[in-house]
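Small disclaimer: the values here were computed from a predicted structure and weren't measured.
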Amino acid sequence: MDKKPLVEIEKISKKFPGVQALDQVSVSFFPGEVHAIIGENGAGKSTLIKIIGGVYQKDGGKIKIKGKECLFNDVNQAKKSGISVIHQELSLIPDLSVAENLCLGREPRLGNSGFINKRAMRKMAKRILRTMELKIDLDVIIRNLSTADRQIIEIARAVSQKAMFVIMDEPTSSLSSREIGTLFKIIKKLKNNGVCVIYVSHILSEVLEIADRITVLKDGCFVRTLSASEAKENLLVKLMVGREIKDYFSRKEKTIGGIVLEVRNLTRDPYFSDISFILRKGEILGISGLVGSGRTELIRSIFAADQFDKGEIILINKKVAFKSPEEAIKNGFGFVPEDRRLQGLILEASVKHNISLPSISATAKFGFVNTTWEQKICEKYVKKLKIRTPTFNSLTRSISGGNQQKIVVAKWLAAISKIMLLDEPTRGIDVNSKSELYSLMNSFTKEGGSIIMVSSELPEILGVADRILVIREGKLTANIDRKDATEEKIMMLASTSKNNGYEVKQ
């Protein structure tokens with residue numbers, strides 16, 4: 001490792017209304033290293049990388065590149081200095097094609113005409129995908145891609161800009177294990193070429209696998225920088241939250257009752273077909289499978305966010321056919337979607353309005369919002385879920401990802417949901433917030449609620465679910481009690497046609 005830092009941040013501070021996001025943070029980053037930054041949601045990680053990337057301006061401190069102080073007033077100035085940032089909030093343009101997004105801002109031109117040379121652009125885009133070992137149609141429109149493919153395109157675009165300093169904010173949040181393996185190969189190639197990679201993630205196993213050094217932030221302050229050799233998962237958790245998290249999944253004894261939901265031969269071509277299962281009162285039913293297996297599409301169809309082609313849904317012994325999510329909500333369903341920012345929240349609305357939104361019609365008086373109820377319900381769930389927000393009227397976009405996720409859950413609790421559909425509920429949130437969410441899920445089911453949870457994290461599925469369904473290529477391949485499940489069995493069932501004798505029918 002080069003002894004001279006590539007980038008130095010010295011006593012960087014940043015304050016937002018009611019929140020000291022960073023307080024005199026100092027860290028040095030060296031060429032040819034992978035430097036992880038970790039901490040709870042709200043620790044200041046995203047604020048720090050946005051300052052380095054020119055999105056935010058610092059209130060105090062210095063940024064030095066190769067020993068020379070720099071001041072970035074915008075993103076373009078940071079890019080010209082060799083800094084490329086892959087933000088957690090994707091910046092792709094949804095109505096442009098893959099090729100157009102990959103080459104955005106650097107499109108090859110036809111001579112001096114100013115017109116885009118589309119043939120050269122496709123060639124450039126194809127080269128970028130080949131470097132990433134990706135096979136994605138260059139002409140497909142971004143909004144038609146899965147969340148995972150959009151994440152990969154964002155990464156590919158940033159890496160292709162040949163920056164000397166690449167920042168990745170939660171880059172694997174939507175990726176399969178195969179795609180993560182591809183990303184790690186690219187990171188190692190960048191490292192070997194002398195590029196410094198800043199890796200921000202809540203997944204400590206990834207951090208320990210890929211990072212050379214790890215910096216921990218807490219409440220906007222620098223805690224410690226460790227080498228990979230001295231870092232252990234328990235130590236990192238303790239540095240982040242100030243204590244050890246015991247009984248991480250918070251499993252408690254509970255009574256599982258009778259059938260509350262039955263799905264019969266549900267089909268939505270081409271995503272899934274002939275899916276049948278039951279859900280019991282007080283049960284957490286986990287759904288596992290590879291990205292693209294049809295998991296998300298299945299629970300979206302149950303919630304009527306998408307319409308299925310055939311099959312039946314039986315709710316407490318009564319056949320139902322919801323025509324819209326509004327009908328599902330009225331029948332006691334709540335849905336935490338895979339992409340909370342695009343589908344689960346109104347970012348420009350307040351914390352209070354987001355929490356009360358599904359219940360506004362039911363609690364209105366003479367067509368007017370019941371503001372007294374709204375204030376009380378917000379106070380109740382902000383306290384219950386430990387949502388960190390300066391005020392109830394703070395814009396939702398201004399608070400951290402983990403607290404945003406808690407708001408999505410809070411609005412369904414406020415709506416007195418009986419069945420929760422959770423799609424990757426802990427994606428992009430820190431270990432402490434995860435532990436709190438698991439505890440909340442267990443309390444919800446102990447009080448008689450039921451949960452269907454989709455998750456790509458096998459330890460989470462095994463630690464939280466009472467029973468596990470495995471889906472492969474749109475087909476249900478297994479129905480396993482948690483006591484019989486292991487990571488190896490689930491991976492085998494998710495990736496091969498063998499079910500090793502596990503009964504699929506209920």
Side-chain angles (χ1 to χ4, degrees), residues 53 75-76 79-80 82-163 166-190 193 195 197 268-272 289-297 300 306 338-339 341-343 424 456 473-474:
V75 174
N76 288 330
K79 284 183 178 178
K80 288 176 182 177
I83 295 171
S84 182
V85 184
I86 304 163
H87 293 289
Q88 192 174 353
E89 308 87 20
L90 302 185
S91 60
L92 302 175
I93 299 179
D95 292 315
L96 293 183
S97 69
V98 168
E100 289 167 328
N101 270 278
L102 285 172
C103 303
L104 195 65
R106 46 191 177 138
E107 300 91 340
R109 304 287 171 172
L110 286 167
N112 296 320
S113 68
F115 292 103
I116 295 173
N117 185 334
K118 292 192 175 181
R119 180 177 292 181
M121 182 180 70
R122 284 179 58 81
K123 188 176 180 181
M124 176 180 173
K126 189 179 287 187
R127 185 173 63 250
I128 293 170
L129 292 182
R130 188 167 58 245
T131 302
M132 288 281 289
E133 300 179 21
L134 299 173
K135 294 180 180 178
I136 297 176
D137 186 349
L138 292 174
D139 299 315
V140 70
I141 301 301
I142 289 294
R143 71 167 61 254
N144 295 329
L145 290 176
S146 67
T147 304
D149 282 341
R150 291 200 297 269
Q151 183 90 41
I152 280 288
I153 294 300
E154 183 88 22
I155 293 167
R157 183 174 68 177
V159 169
S160 69
Q161 293 170 356
K162 298 181 179 177
V166 176
I167 303 173
M168 300 183 175
D169 190 3
E170 300 288 350
T172 65
S173 61
S174 301
L175 305 186
S176 67
S177 55
R178 179 183 60 80
E179 290 161 336
I180 291 170
T182 299
L183 175 64
F184 280 8
K185 287 179 185 176
I186 291 164
I187 290 174
K188 288 172 183 175
K189 190 184 296 183
L190 291 171
N193 290 335
V195 175
V197 176
R268 183 184 171 220
D269 291 326
Y271 303 104
F272 58 85
L290 302 179
V291 173
S293 62
R295 306 168 307 170
T296 291
E297 290 79 7
R300 282 179 60 84
D306 299 319
E338 182 180 18
D339 191 329
R341 297 180 67 86
L342 288 179
Q343 301 169 352
E424 304 286 6
S456 297
E473 296 178 357

Nearest heavy-atom approach of Ile136 to Leu145 is CG2-CD2, 4.2 Å
Taking only residues at least two apart or on different chains, which pairs with a member in residues 101-111 satisfy salt bridge (charged side-chain N to carboxylate O under 4.0 Å, His left out)? Glu107-Arg109
Quick check for you: to the nearest 0.5 Å, what is the distance between Ile180 atom CD1 and Ile152 atom CD1? 9.0 Å
Closest heavy-atom pair and its distance - Gly82, Ala163: O-CB, 3.2 Å
Please give me the minimum heavy-atom distance between Gly53 and Val85, naming the atom from each residue. CA-CG2, 3.8 Å
Compile the donor-acceptor pairs under 3.5 Å between side chains in residues 96-103 and protein atoms, sequence neighbours left out, one pair per line.
residue	atom	partner	partner atom	Å
Ser97	OG	Glu100	N	3.1
Ser97	OG	Glu100	OE1	3.2
Glu100	OE1	Ser97	N	2.8
Asn101	OD1	Ile93	N	2.8
Asn101	ND2	Ile93	O	3.1
Asn101	ND2	Leu96	O	3.4
Asn101	ND2	Ser97	O	3.1

What residue pairs, at least two apart or across chains, pass salt bridge (charged side-chain N to carboxylate O under 4.0 Å, His left out) with a residue in residues 118-132? Arg122-Asp139
Where do Val166 and Ile187 land on the side-chain contact (heavy atoms from CB on, under 4.5 Å) test, with the steps shown first? CA-CA 9 Å; Val166 176; Ile187 290 174; over 6 Å; no
Within this structure, what is the CD-CG distance for the pair Glu297 and Asp269, rounded to the nearest 0.5 Å? 12.5 Å
Is Arg295 salt-bridged to Glu338, cutoff N-O under 4.0 Å? no
Closest heavy-atom pair and its distance - Ala156, Ile128: O-CG2, 3.7 Å
Testing Ile153, Asp149, Asp95 one by one against Ile142 for a side-chain contact (heavy atoms from CB on, under 4.5 Å), which residue passes? Ile153
Examine distances only and state if a side-chain atom of Glu154 and a backbone atom of Ile86 form a donor-acceptor pair shorter than 3.5 Å. no
Identify the two heavy atoms, one from Asp137 and one from Val140, that lie closest to each other, and give their separation to 0.1 Å. O-CG1, 3.2 Å
